[in-house]
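Report on the structure given below.
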Protein chains: 4
Amino acid sequence: MQDPTPQGEKKRQRRKDARPSEIIAAAMQLWAERGFAATRLEDVAAGAHIAKGTIYRYFPSKEALFEAALQARIVATMDRARDMAQGFDGPTSQMLSGFFETIRTELVDGGSSVFLRVLLSEGHRFPDLVARYERVVLSRGMSTVRAILAAGVARGDLRPEAADCDPRLVMAPAMMLSLWGTVFTTEGLPDMRSALAQHVAILMGGLGRR
Amino acid sequence: MQDPTPQGEKKRQRRKDARPSEIIAAAMQLWAERGFAATRLEDVAAGAHIAKGTIYRYFPSKEALFEAALQARIVATMDRARDMAQGFDGPTSQMLSGFFETIRTELVDGGSSVFLRVLLSEGHRFPDLVARYERVVLSRGMSTVRAILAAGVARGDLRPEAADCDPRLVMAPAMMLSLWGTVFTTEGLPDMRSALAQHVAILMGGLGRR
Amino acid sequence: MQDPTPQGEKKRQRRKDARPSEIIAAAMQLWAERGFAATRLEDVAAGAHIAKGTIYRYFPSKEALFEAALQARIVATMDRARDMAQGFDGPTSQMLSGFFETIRTELVDGGSSVFLRVLLSEGHRFPDLVARYERVVLSRGMSTVRAILAAGVARGDLRPEAADCDPRLVMAPAMMLSLWGTVFTTEGLPDMRSALAQHVAILMGGLGRR
Amino acid sequence: MQDPTPQGEKKRQRRKDARPSEIIAAAMQLWAERGFAATRLEDVAAGAHIAKGTIYRYFPSKEALFEAALQARIVATMDRARDMAQGFDGPTSQMLSGFFETIRTELVDGGSSVFLRVLLSEGHRFPDLVARYERVVLSRGMSTVRAILAAGVARGDLRPEAADCDPRLVMAPAMMLSLWGTVFTTEGLPDMRSALAQHVAILMGGLGRR
DNA sequence: CATGAATGAGTGTTCATTCAT
DNA sequence: GATGAATGAACACTCATTCAT
């Protein structure tokens, strides 16, 4: 009598609140397996154990679902990565390792490499999304790299020219290796963590003080 | 006059022989512009100035066309790259530059980055193709890198440990930058040649003799 | 306090009783604006400030709502019109004017032209409704016209042949003009009242005593 | 050998040329029976004995099909009607009769009343079509009426005030009766031709010289 | 009783593929 | 061989209707 939202209401409500992320999770799994275009919304629905129409209560279109997934999964991580870079003041090699580990965790463990893959191959159809991804993900990543390099120069870990290094060169192996593992064989190759450690070593050698 | 292959016939014959590569050229151009899934076979036909049905005279399906294009465009180039690497015996930095320039030419100017993009995001639909691409393109590229590194070590340009370097780390920036330019903005960033020159410098610093 | 129908109850009761007509009112407004097929039940619910499911407490289906709206809105008016015609004994031109004004008020101001529009274009889906509309609305209207004409002949206002006039000819302009204004431009044309006055004049000239 | 389009080609060509009008014919029949919204494109295809996709070779959308049907069926007729009115110089009553017969033939026999019905009830979804219908059909019809009335005044058949008569009053019965017959019973009522003859008589009485 | 989350049948549209000419 | 008209399976999206709360 006193409670206008009794126990009964809550179960459905709890479900409703969880739906969007359940749908996103199902979608990302399938996109990772089959690609964006090749995944039917009906499959996503089945993966989330709901009916096709239910998706449309939460996302107005397939593209919007992609956008929401992107938003939901990445922003937080990139912020975290940047905070880490700015807050932490250890040796440059350690900052780079931390940065790469963050990227690896997000892209590989968190499954965010789908976004990169989809944007790379179907990006022409979603110019707005590409623009947002650049703004939110790529440029933040590049800023982080620049900050790390600048800090390294300031600290004396790196040579002054390191500040002018194209940040994509620093990020590329982390990105590429994440993609690599989703399609190509990695047999006979170092695991991603070791490879990134090698990358740090090369960078420190190539950019560091002689 | 009784000649069964008169002048007219020959022209047609020449035309007919050229068809497959004309179709492939048209397809690659469009795939590069719009992506594989978003390009209709009808557009490819129009680009090749033939009728839609004619494509099926030469390729049994859209996927087969993709496969043929991949086969046709890449093998030669990769062979060239390897030959170049093996045949040439200059300083390591020069060999790396040459190798990257070859990759860049092929992927960017030749438009082969489509293959990488498609395979990366829709590879699961083409397991055989992925396997072949790995065998023919990726592993050859990695062999080339290993050969260059080994030659560098032998020459004394590189430290012995360079021979154990994951070849993907060497290739990744060249691959990633090729993909980058097909979707993302490059404004405010060095052009690809300069970036690869930086990459060579970093590698030489990171892997080279102190 | 022990009263089983206290003040609060009553208000709710009054509310509940009013629901059907509130729903009908909301529906007719939207049907008039967008047409029957293009109006979603959800919009009707929103217009009536209730939840979608609540409509089903009162009407078992969308078609049933249409039927109920038809029933509710028209019978009364047509009865009124007939009463007016039969009760009043003025000059024929005045009776016709009054009749047309009644039709105009109902169809245009009251929004009942939707029924005519829907029945005209989707009537085949509602054979029962069409039959009822004919019985209740059209044939009553025609009776009224016949009564007016007969009275006019009896009075000496009209020529005897007027009694044989197809009543649809008398009603058609009033009906058509009501429909016209719901879709087509009326710019540069007389307003409906003036037009109907012209119509009365023509009828009186064409059917009246020379 | 001399004929680049031999017999074989022709059969298909003849078919192709006929397709659009076959599709339109099938569509109009079904729209007349069931209304526009309630008729699936698949039904139209079945009615034209073709596959659903074939419709899209000739019309880019359902709406475009409606538009094409409208264009195809009506313009010619309305032009004919206007030519008739302008070219013919007989008594006004005869011109009116001719005009109404043209309208009747087109709307009833030619099935064009569908357009009116669809526009009346679903016109809100097609503002462009409504505008075109007004421009092409309605305003031409009204011009024709005005021309007939003006000619009648000039001839001395009609009183001067007839020139100011709202042309919709003249057309309304012809339009309304066409619609009437598609949904409502006409039992016990004069057939359309007789009714329109009565209408002409009334108009001549109401607008004509005393 | 009221709610609105969930459903799923239904429809317009696309496009790889076929095949009569 | 070459053509392009025809096909029909497939898919995104809508919305009347249901039902757990």
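Protein chains get the first letters and strands the later ones, always in sequence-line order, with residue 1 at the start of each. Atoms considered below: every heavy atom in the structure, side chains included; atoms not considered: hydrogens, waters and symmetry mates.
Applying the side-chain hydrogen bond (donor to acceptor under 3.5 Å, both in side chains) test to pairs two or more places apart or on separate chains, those with a residue in residues 39-51 of chain A are Arg34(A)-Asp43(A), Arg40(A)-Asp43(A). Applying the side-chain hydrogen bond (donor to acceptor under 3.5 Å, both in side chains) test to pairs two or more places apart or on separate chains, those with a residue in residues 120-131 of chain A are Ser121(A)-Ser121(B), Glu122(A)-Arg125(A), His124(A)-Arg117(B).
Between Tyr58(A) and dA6(E) there is a side-chain polar atom (N or O) within less than 4.0 angstrom of OP1 or OP2. Regarding contacts with the backbone of dA2(F), a side-chain N or O of Arg19(B) is found under 4.0 angstrom from either OP1 or OP2.
Under the rule for a ring-ring contact (aromatic ring centres under 6.0 Å, His included), the partners of Phe126(A) that lie at least two apart in sequence or sit in another chain are Phe36(A). Qualifying side chain to side chain contact (heavy atoms under 4.5 Å, CB included) partners for Ser21(C), counting only residues two or more places apart in sequence or in other chains: none. With sequence neighbours excluded, no residue forms a ring-ring contact (aromatic ring centres under 6.0 Å, His included) with Phe59(B). Ser112(A) is linked by a side chain to side chain donor-acceptor pair (under 3.5 Å) to Glu106(A), counting only residues two or more places apart in sequence or in another chain. In this structure, Tyr56(C) has no ring-ring contact (aromatic ring centres under 6.0 Å, His included) partners at least two apart in sequence or on a different chain. With sequence neighbours excluded, the residues that form a side chain to side chain contact (heavy atoms under 4.5 Å, CB included) with Val183(A) are Leu120(B), Val130(B).
Between Tyr133(A) and Leu116(A), the closest side-chain pair of non-hydrogen atoms falls below 4.5 Å.
The interatomic distance linking Leu65(D) (CG) with dT11(E) (P) rounds to 16 Å, in whole Å. Between the CG atom of Asp17(D) and the C1' atom of dG4(F) there is a distance of 14 Å, given to the nearest Å. Counting to the nearest Å, the P atom of dA12(F) and the CD1 atom of Ile23(A) are 15 Å from each other. Rounded to a whole Å, the CZ atom of Arg57(B) is 12 Å from the P atom of dC19(E). The separation between Ile55(A) atom CD1 and dC15(F) atom P is 17 Å, rounded to whole Å. If you measure from atom CG of Leu30(A) to atom P of dC11(F), you get 13 Å, rounded to the nearest angstrom.
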Strand DNA chain F as a dot-bracket string - pairs counted if Watson-Crick or G-U with both distances under 3.5 Å, | where the partner lies in another strand: .||||||||||||||||||||
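Distance CD1/Ile55(D) to OH/Tyr58(D): 11.0 Å, rounded to 0.5 Å.
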Could you encode protein contacts along nucleotides 13-18 of chain E as a string, one character per nucleotide from 5' to 3', using B for base contact, S for sugar-phosphate-only contact and - for no contact, with a heavy-atom cut-off of under 4.0 Å? BBSSBB
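Taking a 4.0 Å limit (strictly below) on heavy-atom distances, residues 117-129 of chain A does not reach DNA chain F anywhere.
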Cut-off 3.5 Å, no hydrogens considered: what does the side-chain donor-acceptor table look like for residues 23-31 of chain A, sequence neighbours left out?
unit_1   : atom_1 : unit_2   : atom_2 : d
Gln29(A) : NE2    : Glu33(A) : OE2    : 3.1

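Sequence order on DNA chain E of the closest nucleotides to Ile50(A) and Ala51(C) puts Ala51(C) first from the 5' end.
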